[in-house]
Amino acid sequence: MKKKIIGRKDKASFPELDLKDVNIKMDTGAYTSAIHCRKISTKNKGGREVLVFTLLDPSHSQYNEREFSTDKFFKKRIKNSFGGSEKRFVIETVIRIFDKKYPIELSLSERGAMRFPILIGRRFLMKKFMVDPAKYDLSYKKTKAQNKIT
């Protein structure tokens, strides 16, 4: 399979999380992808453990205070950007980029002070994409151009 070129930043949609055209940044230094969340906890619903969280924060244009829950999660030790490691919840969801859906694992992290609410790590990029740091919004521009034609 030929790898598609992706820029250092882009916009992607996460249909299961009700996010459309949200800013993402490719982070080849990170293995796992991450999304900014708040109020992360587990609850017992109907006899099973579910992860409950709120995406983004009030300063983000797509913040809607909606509480999400999923039973497709696990905990994983992840190295943070400061060299330490911490246990984080990881959810399984879907990303739509270049007008195609892919499964993706996202670690939940408090990233409020960061410019990009979502980082895309090597695990997702491998075997699918090559990052060209001189380019940006390749998927977003292509999708917009296709939507004008149809």
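All values reported here derive from a predicted model rather than from experimental measurement.
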Within 6.0 angstrom of K141 NZ, more than 12 heavy atoms from elsewhere
yes
side-chain contact (heavy atoms from CB on, under 4.5 Å) evaluation trace for R38 with H36
CA-CA 7 Å; R38 302 162 37 107; H36 172 56; 4.1 Å; yes
Rounded to the nearest 0.5 Å, how far does OG1 of T32 lie from CZ of R77?
13.0 Å
Non-hydrogen side-chain atoms of D18 and F68 separated by less than 4.5 Å
yes
Donor-acceptor side-chain pairing of T54 and E67 below 3.5 angstrom
no
Flag the pair L119 / F124 as yes when at least one side-chain heavy-atom distance between them is below 4.5 Å, and no otherwise.
no
Take atom NZ in K25; do more than 12 heavy atoms of anything else shown fall under 6.0 Å from it?
no
Mind listing the closest non-hydrogen atom pair of A12 and I24 along with its distance?
CB-CD1, 3.8 Å
Measuring from atom CZ of R123 to atom OH of Y31, what distance do you get when rounded to the nearest 0.5 angstrom?
4.5 Å
Measure across E105 and V90 and return the closest heavy-atom pair with its distance rounded to 0.1 Å.
CB-CG1, 3.7 Å
So, do M26 and D10 sit near enough that their side-chain heavy atoms are less than 4.5 Å apart?
yes
Does I40 share a hydrophobic cluster with L55, counting links as ILVMFWY side-chain heavy atoms below 4.5 Å and allowing steps through other members?
yes
Ring-face cation of K75 near F73 (centre distance under 6.0 Å, axis angle within 45°):
no
Heavy-atom distance under 4.5 Å between the side chains of T143 and D21, does that happen here?
no
If two hydrophobic side chains count as joined below 4.5 Å and joins carry through other members, does I78 share a cluster with I118?
no
Apply the side-chain contact (heavy atoms from CB on, under 4.5 Å) test between F129 and each candidate in I5, I120, I97, L138; give the one that qualifies.
I97
Out of curiosity, F89 CZ to K87 NZ, how far, rounded to the nearest 0.5 Å?
9.5 Å
Steps toward side-chain contact (heavy atoms from CB on, under 4.5 Å) verdict (T70, V50)
CA-CA 5 Å; T70 183; V50 295; over 6 Å; no
For a 4.5 angstrom cut-off between non-hydrogen side-chain atoms, does I35 reach F14?
no
Cation-pi geometry met for K4 and F98 (6.0 Å, 45°)
yes
Take a 6.0 Å sphere around OH of Y136 and say whether it holds more than 12 heavy atoms from other residues, nucleotides or ligands.
no
Between K45 and S69, is any pair of side-chain heavy atoms under 4.5 Å apart?
yes
Any non-hydrogen side-chain atom of I91 less than 4.5 Å from a side-chain atom of L51?
yes
Any chance the side chains of S107 and K76 put a donor and an acceptor closer than 3.5 Å?
no
Can you tell me how far apart CZ (F53) and CG (L17) are? Round to the nearest 0.5 Å.
5.5 Å
Between the side chains of K9 and N23, is a donor N or O closer than 3.5 angstrom to an acceptor N or O?
no
Would you say R96 and S13 are linked by a side-chain donor-acceptor pair, where the criterion is simply a distance under 3.5 Å?
no
Distance from R88 atom CZ to K79 atom NZ, nearest 0.5 Å?
13.0 Å
Evaluate the side-chain contact (heavy atoms from CB on, under 4.5 Å) criterion for residues Y102 and K128: first the C-alpha distance (whole Å), next the side-chain angles of each, then the deciding distance (0.1 Å), finally the verdict.
CA-CA 10 Å; Y102 299 92; K128 294 182 221 49; 3.6 Å; yes
Determine the minimum heavy-atom distance between L106 and A34, stating which atoms define it.
CD2-N, 4.3 Å
Tell me, do T42 and V52 make a side-chain contact under 4.5 Å, heavy atoms counted?
no
In sequence, state the C-alpha distance, the side-chain angles, and the governing distance for D71 and R48, and then conclude on side-chain contact (heavy atoms from CB on, under 4.5 Å).
CA-CA 8 Å; D71 60 354; R48 62 187 181 146; 2.5 Å; yes
One should read off an interatomic distance between K43 NZ and E49 CD, to the nearest 0.5 angstrom, of 12.5 Å
Can a donor-acceptor pair be found, under 3.5 Å and without considering hydrogens, that links the side chain of D137 to the backbone of Y140?
no
Work out which heavy atom in S33 is nearest to a heavy atom in G121; give both atom names and the distance.
OG-N, 2.9 Å
